[in-house]
Amino acid sequence: MVSLKITLMTLIPPTTSAAQLEKASAAVKLLFPEALEILKDLVRIPGIAWEAFDASQLDKSAAAVKSLFEELGVFDKVEILRAGYGHSQLGAPAIVATRKAKNSRPTVLLYAHHDVQPPGDDALWESTPFEPEIRNGRMYGRGAADDKAGIIAHYASVKLLAEIAGADFDLGLAIFIEGEEEAGSPSFVSFLEAHKEQLKGDVIVVADSGNWSTTVPAITTTLRGLASLEFEVRTLDHAVHSGMYGGAVPDAMLALVRILGSMWDENGSVSISGLFAQENSNLEYSKAQLRVDSGLLPSTKAIGSGPILPRIWTKPALTLIGLDYPTVALSSNTLVPSVKAKLSLRIAPGDDPERALEALKGHILTHNTLGAEITFGAVELGKPFSLGVSGWAKTLAEQSLSLAFGEKSVDIGIGGSIPFIAELERVFPQAQVLVTGVEDPDSRAHSPNESLHLEGFQSAILAQLLFLLGGNQIALS
Ligand SMILES: [Zn+2]
């Protein structure tokens with residue numbers, strides 16, 4: 001078993017010749033206009049997996065995606081599947097397509113999601129969210145980048161794999177297009193358990209992230225996790241007149257700000273002890289760029305210390321994201337007896353959400369200098385991700401991306417979380433997980449005016465095609 005694992009890890013993927021690259025590149029170029037039209041059709045379906053939205057749109061979008069993969073004619077089976085979860089709830093429709101590997105070739109699972117974020121305020125969009133529009137080399141529309149472009153990248157690369165390698169190619173494939181990613185993937189765990197056999201792959205490509213820029217491709221090797229916590233701080237039995245008792249009796253907010261004030265050091269770095277932090281990127285990202293990208297005001301200082309990228313990728317970040325307290329309009333001269341707060345803690349790759357949550361709770365209790373009553377409430381946990389030992393798949397993906405973009409692929413981190421990746425790793429511990437994607441720093445996923453950079457998209461399809469062609473030549477034993 002051990003020696004098999006070593007063979008897998010040290011396998012050297014085949015290199016792509018100039019002639020092969022040219023052929024693949026020409027094929028992508030030829031298919032690209034049609035791929036864009038299919039993408040537009042998908043963007044026109046507003047499939048949103050949140051309760052307030054019309055669920056029939058998700059069925060419509062699932063059906064459209066299913067027929068796309070059926071049309072390819074290379075899968076043994078293409079199905080729409082749903083999994084139950086919780087108390088008899090049913091997850092959103094997902095598309096699963098499978099094709100068995102032949103001649104000891106690996107199986108590659110290609111993941112994307114067909115649901116999208118709600119459009120938000122229509123007035124903030126320069127074009128209608130669900131009517132795709134191409135302007136200045138980008139396609140605008142909700143889901144154009146996140147993550148319907150991921151679906152099309154899978155569709156187009158498989159179509160061209162069959163065209164170039166022949167429809168009887170050896171590579172095993174599994175397609176998994178989820179329908180509820182933006183809603184937190186509630187049925188993901190039970191879906192994986194129920195369809196473990198169909199979804200099993202040697203490599204899992206999660207196409208839901210992005211590149212370093214429109215011209216420099218990337219593989220996302222780290223993602224932060226999450227531990228958020230609601231808690232209530234109480235100092236008084238009931239509200240009292242601030243003129244009568246103020247000065248001798250603390251209101252709840254005073255107790256809370258003392259706790260909060262202890263959570264960051266003078267630079268704004270999180271000072272909760274016991275949390276992981278890493279410095280591990282040699283990419284350049286300047287303070288000036290950070291200011292431009294984030295909209296940080298000229299007079300406001302950045303927080304944290306050391307290079308910028310580890311601060312947003314591989315170190316913890318703590319944010320007060322909610323507060324229940326009288327509004328200014330309803331305020332009166334009273335000592336408010338209790339306050340409820342919600343803290344969101346992004347945790348570093350390598351850290352554990354349960355452990356981090358305990359560290360956060362411990363910090364609150366030990367810094368409660370006024371002895372307020374503290375009640376902990378709802379929590380939300382998400383595991384971080386860190387690409388382990390790189391095997392042939394990472395090497396092949398790097399080669400493919402570098403060739404397709406004409407620029408060397410880099411490793412990037414994402415400060416946000418995709419908690420289901422940890423579930424994929426748990427259920428398929430042998431698989432190599434590659435997080436890729438079509439977004440770029442201007443894609444504005446989840447925001448108004450979401451868009452896809454078309455040239456970068458074409459290169460992303462080519463990269464994935466080269467990856468599949470390479471995988472099709474690798475014999476695992
Ligand atoms: Zn996404």
Side-chain angles (χ1 to χ4, degrees), residues 39 42-43 45-50 53 57-58 61-62 64-65 91-96 109-120 129-130 132 138-155 157 175-189 191-192 199 204-212 217-226 313 346 380 382-385 412-425 433-453 456-457 460-461 464:
L39 174 58
L42 287 187
V43 173
I45 310 171
I48 298 163
W50 299 14
F53 293 86
Q57 294 294 345
L58 278 176
S61 117
V65 173
I95 297 85
V96 173
L109 167 65
L110 300 173
Y111 167 93
H113 60 89
H114 69 93
D115 65 305
V116 298
Q117 282 277 326
F130 296 108
R138 307 188 69 102
M139 184 191 291
Y140 289 82
R142 173 58 84 233
D146 180 15
D147 184 26
K148 286 171 170 170
I151 302 171
I152 301 300
H154 296 336
Y155 163 81
S157 59
I175 304 289
F176 176 24
I177 311 293
E178 196 198 346
E180 53 180 27
E181 196 276 340
E182 302 294 3
S185 307
S187 71
F188 197 84
V189 174
F191 194 96
L192 279 195
L199 298 175
I204 302 175
V205 177
V206 177
D208 195 17
S209 182
N211 291 307
W212 176 238
I219 296 173
T220 302
T221 55
T222 61
L223 291 153
R224 284 195 289 199
L226 183 75
W313 288 350
R346 297 279 177 187
E380 209 182 311
K383 289 195 176 106
F385 165 74
I412 59 169
I414 297 281
S417 317
I418 313 182
F420 72 75
I421 291 181
E423 294 305 329
L424 286 171
E425 287 188 304
V433 179
L434 294 175
V435 182
T436 63
V438 296
E439 288 167 34
D440 68 84
D442 290 325
S443 286
R444 302 198 192 175
H446 299 198
S447 302
N449 303 309
E450 174 182 345
S451 71
L452 172 72
H453 187 263
F457 181 42
I461 295 175
Q464 192 162 294

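Each ligand, and each atom within it, is numbered from 1 in the order the structure gives.
Of the N and O atoms on the side chains of D442 and H453, not one donor lies less than 3.5 Å from an acceptor on the other residue. With 3.5 Å as the limit, one finds a donor-acceptor pair spanning the side chains of R346 and S417.
The Zn ion (ligand 1) lies under 2.8 Å from an N, O or S atom belonging to D208. For E181, every N, O or S atom stays at 2.8 Å or more from the Zn ion (ligand 1).
Rounded to the nearest 0.5 angstrom, I95 CD1 and F176 CZ are separated by 9.5 Å.
The two residues F188 and E180 make their nearest non-hydrogen contact at N-OE2, 3.7 Å.
Rounding to the nearest 10°, we obtain 90° for the angle at the Zn ion (ligand 1) between D146 OD1 and H113 NE2.
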